[in-house]
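Notes follow the structure.
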Amino acid sequence: MLTVLLGVLFSALGASLPAYAQDPQNAPAVVDARVAGDDVRTRIIVDLERQVNVAISALADPYRLIIDLPQVRFELPEDAGSEGRGLVSAWRFGLFAAGKSRIVVDVTEPVAVDKTFVIPAVDGQPARLVIDLVKSNRETFLKFASSSREALHQGATSSKADRIETDEKKIRPVIVLDPGHGGIDTGARGVDGTLEKAVVLDFSSILKRKLEETGRYTVHLTREDDTFIPLSQRVQIGHDLAADLFISIHADSVRRGGETVRGATVYTLSDRASDSLAGQIAESENSSDIIAGVVLADEPAEVTDILIDLARRESRNFSVFFARTLVDELKSAVRLINNPHRSAGFRVLKSHDVPSVLVELGYLSNEFDEKLLVSDKWRERMADAMVEAVDAFFRMRVAQGAGQPAAN
């Protein structure tokens with residue numbers, strides 16, 4: 001029944017509608033969204049300026065309902081979705097990918113989509129999408145999750161970053177800067193409302209400019225706008241671009257003791273967290289895909305191969321060296337947390353062939369760090385120190401390569 005309802009929704013919202021040209025400036029707005037009902041029947045209501053194509057799917061563990069739309073403008077209050085009702089515990093929204101927006105609904109238990117319908121826009125009233133949820137069971141929910149995701153995959157077109165193999169790569173190291181979060185995943189929110197996804201993108205753009213100004217590096221960003229990128233895709237971008245160094249940029253929030261924890265931190269990958277704070281930050285960052293409604297089972301399985309294992313070991317060694325070099329440079333430029341080099345199981349650092357680190361510029365849960373993170377003077381100083389660390393890292397690698405004996 002759920003599969004049939006999914007098809008009905010596609011038909012009702014899509015087949016009779018005019019083609020929607022993707023133009024961000026003219027994208028329709030979501031002008032209101034709300035949840036009504038109780039824990040027996042809960043209704044989700046979304047008001048739009050005009051009708052658009054919508055696809056509904058589900059994900060389990062945790063239980064979520066995913067509402068995919070073409071790119072829209074969310075004209076909703078900042079705290080919209082923070083509180084749920086009935087079978088819905090919370091919901092969030094944002095840009096998921098280029099030309100695609102998403103609403104992720106957290107549900108308290110397995111649910112069934114009992115009824116869906118759309119009320120066309122008329123007499124100045126917005127178009128209204130209505131989704132009715134009722135209690136279900138795990139088996140039925142999992143069947144719906146599987147069939148709905150399969151329907152999405154059949155209609156989706158996938159694209160990967162083209163592998164760059166140019167003469168430029170042979171003479172200039174490739175650096176990939178990874179501004180965390182983006183789109184539907186806002187990341188941390190500061191005491192004064194500063195969003196992590198905006199802060200890290202601004203800083204990454206500054207760092208990219210400074211690195212390029214040296215004339216010594218080719219620099220790429222995993223995202224250049226407010227777009228969500230899954231964690232595995234961020235890793236894949238570094239691999240496809242044959243990166244020599246991958247730097248993920250964040251400005252997290254600390255749940256416990258956030259008022260006192262402050263200062264820059266450099267994280268590397270390890271199987272076990274070096275301390276409770278590192279474990280807490282890794283858990284937070286690794287939940288990015290869950291927040292955005294990504295199918296975690298779609299990630300490629302770990303490859304066990306002796307050559308890959310050797311490459312991974314070498315990459316981890318270079319990652320640790322760069323982390324220590326970066327900490328040394330940052331000491332004289334910005335405030336650092338106690339024990340500034342830490343480690344944990346960050347998924348975004350799991351490339352087997354690219355030295356990778358995650359840099360917490362500071363912690364938005366601390367009011368003093370938040371003020372620094374939006375300060376142009378502080379960001380320039382932080383970026384200059386990171387450029388110095390990158391220079392020192394590649395000087396070491398060149399020297400190490402020159403000192404190796406020639407092969408027979």
Side-chain angles (χ1 to χ4, degrees), residues 6 9-34 44-59 64-78 80-81 91-105 116 118-121 126-131 148-149 151-161 179-187 195-198 200-202 204-205 221-231 233-234 237 288-295 298:
L6 181 67
L9 182 62
F10 275 122
S11 175
L13 294 181
S16 61
L17 300 180
Y20 176 66
Q22 279 302 328
D23 181 355
Q25 299 301 320
N26 296 317
V30 172
V31 296
D32 193 14
R34 54 204 178 277
I44 301 170
I45 306 159
V46 181
D47 293 341
L48 301 105
E49 280 185 332
R50 60 181 184 272
Q51 293 164 301
V52 297
N53 295 299
V54 175
I56 296 180
S57 58
L59 291 172
R64 289 155 289 163
L65 194 71
I66 311 299
I67 306 172
D68 283 321
L69 313 93
Q71 186 165 334
V72 297
R73 293 177 289 113
F74 287 98
E75 296 181 351
L76 302 174
E78 287 187 3
W91 50 277
R92 51 197 171 276
F93 52 89
L95 189 66
F96 179 71
K100 183 177 180 180
S101 295
R102 171 170 285 189
I103 300 173
V104 179
V105 181
T116 63
V118 61
I119 302 173
R128 178 166 296 170
L129 166 67
V130 178
I131 305 170
S148 62
R149 301 307 300 183
L152 288 179
H153 283 310
Q154 289 176 350
T157 57
S158 60
S159 62
K160 291 185 177 181
H181 309 281
I184 189 172
D185 175 21
T186 60
L195 294 182
E196 180 180 7
K197 67 175 183 178
V200 298
L201 180 59
D202 288 344
S204 297
S205 299
L221 297 176
T222 56
R223 66 179 181 95
E224 297 183 349
D225 53 23
D226 187 20
T227 302
F228 173 79
I229 308 289
L231 295 174
Q233 187 175 330
R234 294 172 187 268
I237 289 172
S288 179
D289 284 358
I290 293 176
I291 289 171
V294 172
V295 189
D298 283 354

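Keep in mind that the numbers below use all heavy atoms, side chains included, and drop hydrogens, waters and symmetry copies. The model shown is predicted, which means the values in this text are computed figures rather than measured ones.
Contact record, R149 with S57: NH1-OG, 2.7 Å, taken as the closest heavy-atom pair. Closest approach of S205 and L221 over heavy atoms only: OG-CD1, 4.3 Å. V52 approaches P28 most closely through the heavy-atom pair CG1-CG, 3.6 Å. Nearest approach of T227 to F96, heavy atoms of both residues: CG2-O, 4.2 Å. Listed here is the closest heavy atom pair of L231 and D289: N-OD1, 3.1 Å.
For the pair R234 (side chain) and P179 (backbone), a donor-acceptor distance under 3.5 Å is present.
Listed by chain and residue number, D178 satisfy the side chain to side chain donor-acceptor pair (under 3.5 Å) test with T222 (two or more places apart in sequence, or in another chain). In terms of the side chain to side chain contact (heavy atoms under 4.5 Å, CB included) criterion, residue partners of A127 (sequence neighbours excluded) are, by chain and number, Q51, A121. Annotation: ring-ring contact (aromatic ring centres under 6.0 Å, His included) contacts of F74 (sequence neighbours excluded): F93. Listed by chain and residue number, nothing satisfies the side chain to side chain donor-acceptor pair (under 3.5 Å) test with R223 (two or more places apart in sequence, or in another chain). Applying the side chain to side chain donor-acceptor pair (under 3.5 Å) rule to T186 yields no partners; only residues at least two apart in sequence or on another chain are considered. Qualifying side chain to side chain contact (heavy atoms under 4.5 Å, CB included) partners for E75, counting only residues two or more places apart in sequence or in other chains: A29, V31, R73. With sequence neighbours excluded, the residues that form a side chain to side chain donor-acceptor pair (under 3.5 Å) with R34 are D32, D47. Contacts of D202 classified as salt bridge (charged side-chain N to carboxylate O under 4.0 Å, His left out), with partners at least two apart in sequence or in another chain: R379.
The CG atom of D185 sits 3.5 Å away from atom OG of S288, with the distance rounded to the nearest 0.5 Å. Atoms CD and CG, on E49 and N26 in that order, are 10.0 Å from each other to the nearest 0.5 Å. The CG atom of L48 sits 7.0 Å away from atom CG of L129, with the distance rounded to the nearest 0.5 Å. One distance of note links CG of D68 with CZ of R102; it measures 4.0 Å at 0.5 Å rounding. Note that CD1 of I67 is 5.0 Å distant from CD1 of I103, once rounded to the nearest 0.5 Å.
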Check against side-chain contact (heavy atoms from CB on, under 4.5 Å), I56 and S148: CA-CA 7 Å; I56 296 180; S148 62; over 6 Å; no
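A salt bridge links D226 and K197; the closest N-O separation between the charged side-chain nitrogens and carboxylate oxygens is under 4.0 Å.
Two residues are said to be in side-chain contact when any heavy atoms from C-beta on lie closer than 4.5 Å; I44 and V105 meet this criterion. Using a 4.5 Å heavy-atom threshold, the side chains of V30 and V46 count as touching. A heavy-atom distance below 4.5 Å is not found between the side chains of V130 and V118.
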